Amino acid sequence: AILHKIADALRDNESKILQVNALDIETAKTMKMTPSMRKRLVLSKQKLADLQKGIRQIAESEDPIGRVIGSLEVSPSLVLSQKTVPIGVLLIIFESRPDCLPQIASLAIKSGNGLILKGGKEAKHSNALLH
């Protein structure tokens, strides 16, 4: 449910996201950035549509928490099971890629993990809005 709301928010705020991203792109022109870094900074209608689709796919995927991935019968009254569990808290540094923020957040939510994100100063405005 929450992941669908995130995808809906990307759709509903598309024009504002693109407007704020344009500000980051203009600011980035004054920074020493390689062309490939500048390209990663750019959000487009297509990128936002792909993000929405990907987030909805994550929402519809099987719950990764609590899945038994192996077991061993040690004795008739003792079975050891290996289950999937959240890692805990993830620290992700993603530089000048504002499209990573909703992707990573969606994966963390789905997998039950806490999240600390560090985006690059090049995407300051985009990241603030997407947060």
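Keep in mind the model is a prediction, meaning the values are calculated, not measured. Just so it is clear, the values below take in all heavy atoms, side chains as well, and ignore hydrogens, waters and symmetry mates.
Lys124 contributes no side-chain N or O that, together with a main-chain N or O of Asp24, makes up a donor-acceptor pair within less than 3.5 Å. Panel note: side chain Asn21, backbone Leu41; a donor-acceptor pair is recorded below 3.5 Å. Distance alone, capped at 3.5 Å, places no donor-acceptor pair between the Ser81 side chain and the Val68 backbone. No donor-acceptor pair closer than 3.5 Å links the side chain of Ser71 to the backbone N or O of Leu80.
The salt bridge (charged side-chain N to carboxylate O under 4.0 Å, His left out) check on Glu60 picks up nothing, with sequence neighbours excluded. For Arg11, the salt bridge (charged side-chain N to carboxylate O under 4.0 Å, His left out) partners at least two apart in sequence or on another chain are Asp8. Listed by chain and residue number, Glu26 satisfy the salt bridge (charged side-chain N to carboxylate O under 4.0 Å, His left out) test with Lys29 (two or more places apart in sequence, or in another chain).
Nearest heavy-atom pair, Ser106 versus Pro102, reported as atom, atom and distance to 0.1 Å: OG-O, 2.7 Å. Pairing each heavy atom of Pro98 with each of Ser126, the nearest pair is CB-CB, 3.8 Å. The two atoms that bring Ala59 and Lys110 nearest to each other are O-NZ, 3.2 Å, heavy atoms only.
Here the straight-line distance linking atom CE of Met31 with atom NZ of Lys121 works out to 6.0 Å at 0.5 Å rounding. The structure places CD of Glu14 at 9.0 Å from OG of Ser44, a figure rounded to the nearest 0.5 Å. For the atom pair CZ of Arg40 and CD of Glu95, the computed distance is 8.5 Å after rounding to the nearest 0.5 Å. With values rounded to the nearest 0.5 angstrom, Lys39 atom NZ is found 13.0 Å from Ser96 atom OG. Gln52 CD to His4 NE2: the interatomic distance, rounded to the nearest 0.5 Å, is 12.5 Å.
Taking a 6.0 Å sphere around NE2 of His131, one finds it holds 12 or fewer heavy atoms contributed by other residues, nucleotides or ligands. The environment of CD1 in Ile93 is sparse: at most 12 heavy-atom neighbours from other residues, nucleotides or ligands sit within 6.0 Å.
Other members of the hydrophobic cluster containing Ile104, listed by chain and number, are Ile2, Leu3, Ile6, Leu10, Ile17, Leu18, Val20, Leu43, Leu48, Leu51, Ile55, Ile58, Ile87, Leu90, Ile92, Phe94, Leu101, Leu107, Ile109, Leu115, Leu117, Leu129, Leu130; membership follows side-chain contacts under 4.5 Å among ILVMFWY residues, whether direct or relayed. Grouped by direct or indirect side-chain proximity (heavy atoms under 4.5 Å, Ile/Leu/Val/Met/Phe/Trp/Tyr only), Ile69 sits alone. In the hydrophobic clustering, Val89 connects to Leu91, Ile116, either directly or through intervening members, whenever side-chain heavy atoms lie under 4.5 Å apart.
For the side-chain hydrogen bond (donor to acceptor under 3.5 Å, both in side chains) with Asp50, the lone residue among Gln46, Lys47, Lys53 that qualifies is Gln46.
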